[in-house]
Number of protein chains: 2
Amino acid sequence: MPTIREVAAHAGVSPATVSRVMKGEVPVSADTRARVEVAISAMGYAPNAFARSLASNRLEGVGLVISHLAGPFMGRVMMTLEATLRRANVSLLVASGGGEAAREQEAVNFLLGRRCDGLIVHADALSDETLTALATTTPLVVFNRRVPDIDAHCISLDNEYGGYLATRHLLDQGHQSIACLTGPLRQQDAAERLAGYQRALHERGIPVDEQAIIEGDFTEQGGEQGMMTLLAREMAVTAVVAGNDDMALGAMTILRARGVAVPRAMSLVGYDNEACARHVVPALTTVHAPLEEMAQAAAERLLKLIAGASLPASTPFMPTLIERETVGPWRT
Amino acid sequence: MPTIREVAAHAGVSPATVSRVMKGEVPVSADTRARVEVAISAMGYAPNAFARSLASNRLEGVGLVISHLAGPFMGRVMMTLEATLRRANVSLLVASGGGEAAREQEAVNFLLGRRCDGLIVHADALSDETLTALATTTPLVVFNRRVPDIDAHCISLDNEYGGYLATRHLLDQGHQSIACLTGPLRQQDAAERLAGYQRALHERGIPVDEQAIIEGDFTEQGGEQGMMTLLAREMAVTAVVAGNDDMALGAMTILRARGVAVPRAMSLVGYDNEACARHVVPALTTVHAPLEEMAQAAAERLLKLIAGASLPASTPFMPTLIERETVGPWRT
DNA sequence: GGCGTCCATGAAACCGGTTTCATGATGGCG
DNA sequence: CGCCATCATGAAACCGGTTTCATGGACGCC
């Protein structure tokens, strides 16, 4: 693999000139440029990324910190991130932190030690303060979360609206008594979805019954537990909005076991539009997040941030309702 | 951020000595080492990864080439890969190539240009020859595929055995006429699964009926197509082994639409044990691949290869059968 | 006690780019 | 025609480690 000095010798110019040609910015006369370009392609020259990074102190790569790599949509997100970044010739380094704050912090440090040009963080466990501090140090985009003081760094989903959408859909079908199986309420997304649920009820003048709100943990077991608790309370509930699809799936398992027909006796709405949602029987009505667009926006925003731009806050992305088979009309 | 020379000055030694202490191998007297270590921690010294890579010509990072990042199990695989590599302080660079040979080759080049210490390749489109050549150039592990000339570089699944397992299970339940909805047979895994199916039939002296073998493409639509074709042939088939879970799901959709009860009128076995498999109704009986163990083995093997070890061929991993509800007994 | 060997250490070259600064050529303008 | 501004270019320093090679001291052995 030839070095820049060999190329320079071959083209009869200095290494500095070759470097200038490679970057294409600084003024170089047309014929010198041509001569160098010929030498470059003749010798198959590709600059050494290390030397370049050392001299310029930039990696030309960004880090991705992820809580749950194995989560149901990380694949879709990463796919788009990677494609968008690679188009800009920026590589993607991945570190995961299994949802524990300490390990997530460690992942951040690991990537920072690699002198990433920027970071995309998709993590629950890191605190708002940590992220705010990080944003002052390094180009940062926070994925699927809003951190108040650094709006411009956040790519988020309007979870409140999603919760509202799901609930309103049930109300529109005539349901009056609707329960909510939430995720862990210390997590922002779970709390927001619940808020949307409450807003929809208020809007129709239906009082929120605390007994109908059950906090879970976004897992399938949590959904089962929650549904069992709900049934045990023997309320007149005719529909449930679940914190996410996993919980909805768990709930469906219990309903099936107890012989409660979905959607005839009980309607159900999920959230996330996982791959499974389409396949269950009956197919799950759910709220869809435009993950690909969000991922692309995240990558583009980070690239701009790295380039030194100062951006306005991004508007949250809007979820949409996917109607399938788990919601039916209710006539009192 | 202090440099090695500052640390050296602080400890009253030369940069070379600090470097030696950092690596911990070369002989350094105990008290010098102690003095340097004090200086290091006092100043919070962390070596610059670029400079280190430039001088040693090693990235301390490996590349991962993936066909389909969004595939159903890449999350599980990446999770384990990343964790294993990070334990060795090696970072993970990701590039994807959407299943097209050209883009996969480009992804390889991209990572090679980053001077990765090694590559993990999980790709269908790259040819055996390309991979064999690559293996001579750079430490390489091929995931979920066997390339004849570089056995020692492959972490594979015994797909033939998986196909055999699925088929034998159906035979054990009394089925005599079993169809096979395969993946694209130019793909190794699909062909092997089919071979396993055939072996199981031969073992019981049942002739293989070419009419009962339908080539698909590992997609859900392919499964639907295949099942429609099969039904149109009006054969006396009582069970189907599908190339993967997606195809099985597609097949189930058609069966449900046509009112064919699973498993009473038709048994079905999938392959891969995707998340969905557990949730469909009836829950899908399928073949499970130990992906986490495979991923860990891949990472460990690559690290050894990078360290210069020359390894024996790895034995293929064995899939297991997960019995759920889509297989029932058949009495003639 | 003298010589040879080994070992810890330091000086300096090196990895391969980028960037600053100096220089020489060119051209515009009075 | 001469002077100054402009611009392309090259020389060399620099980024921050690693590694080779030389050196000096300690120790063992005859």
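By convention in this document, chain letters (A, B, ...) are assigned in the order of the sequence lines, proteins followed by strands, and residues within each chain are numbered from 1. Just the heavy atoms: all of them, side chains too, but no hydrogens, waters or symmetry mates, feed the values below.
- When rounded to the nearest whole Å, the span between CZ of A:Arg52 and P of C:dT18 equals 5 Å.
- Shown here for A:Thr138 and A:Asp117, the closest heavy-atom pair between the two residues is OG1-O, 4.3 Å.
- A:Leu59 has its CG atom 16 Å from the P atom of C:dG17, to the nearest Å.
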side-chain hydrogen bond (donor to acceptor under 3.5 Å, both in side chains) evaluation trace for A:Glu60 with A:Ser53 = CA-CA 8 Å; A:Glu60 309 218 312; A:Ser53 295; over 6 Å; no
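- Side-chain contact between A:Ile155 and A:Ser314: present, with at least one pair of heavy atoms (C-beta onward) separated by less than 4.5 Å.
- Backbone-only engagement by A:Val13 is indicated by non-hydrogen atom pairs under 4.0 Å involving sugar-phosphate atoms exclusively.
- Residue whose closest nucleotide on DNA chain C sits further toward the 5' end, between B:Pro15 and A:Leu54: B:Pro15.
- Contact of the B:Phe50 side chain with the A:Leu59 side chain is registered, since non-hydrogen atoms from C-beta on lie closer than 4.5 Å.
- Checking D:dG16, D:dG17, C:dT19 against every side-chain atom of A:Lys23, the shortest atom distance belongs to C:dT19.
- Between C:dG17, C:dA11, D:dT9, one nucleotide has an atom nearer to the side chain of A:Thr17 than all others, and that is D:dT9.
- Between B:Leu305 and B:Leu311, the closest side-chain pair of non-hydrogen atoms falls below 4.5 Å.
- The backbone N or O of A:Arg33 sits nowhere less than 3.5 Å from a side-chain atom of A:Arg20 that would complete a donor-acceptor pair.
- Annotation: proximity of residues 28-46 of chain A to DNA chain D (heavy atom, distance under 4.0 Å) is found for A:Val28, A:Ser29, A:Thr32, numbered in ascending order.
- In this structure, B:Ser56 and B:Arg20 both approach DNA chain C, and ranking their closest nucleotides by distance from the 5' end singles out B:Arg20.
- Listed candidates were C:dC15, C:dT19, D:dC15. Nearest to the side chain of A:Ser19 is C:dT19.
- The side chain of B:Ile4 lies closest to D:dT18 when the candidates are D:dC15, D:dT18, C:dA11.
- As rounded to whole Å, 16 Å separates atom P of C:dG17 from atom CZ of A:Arg58.
- Atom CE of A:Met22 and atom P of C:dG17 are 8 Å apart (whole Å).
- Here B:Thr3 does not reach the OP1 or OP2 of D:dG16: none of its side-chain N or O atoms lies under 4.0 Å away.
- Using a 4.0 Å cut-off between charged side-chain N and carboxylate O, B:Arg145 and B:Asp128 make a salt bridge.
- Rounded to whole angstrom, the span from the CG atom of B:Asn48 across to the C1' atom of C:dG17 amounts to 14 Å.
- Taking atom CZ of B:Arg5 as the reference point, atom C1' of C:dG10 lies 13 Å away to the nearest angstrom.
- Taking atom CZ of residue B:Phe50 and atom P of nucleotide D:dT18, one finds them 15 Å apart after rounding to whole Å.
- Checked against C:dG17, C:dC15, D:dA11, the side chain of A:Ala16 finds its nearest nucleotide in D:dA11.
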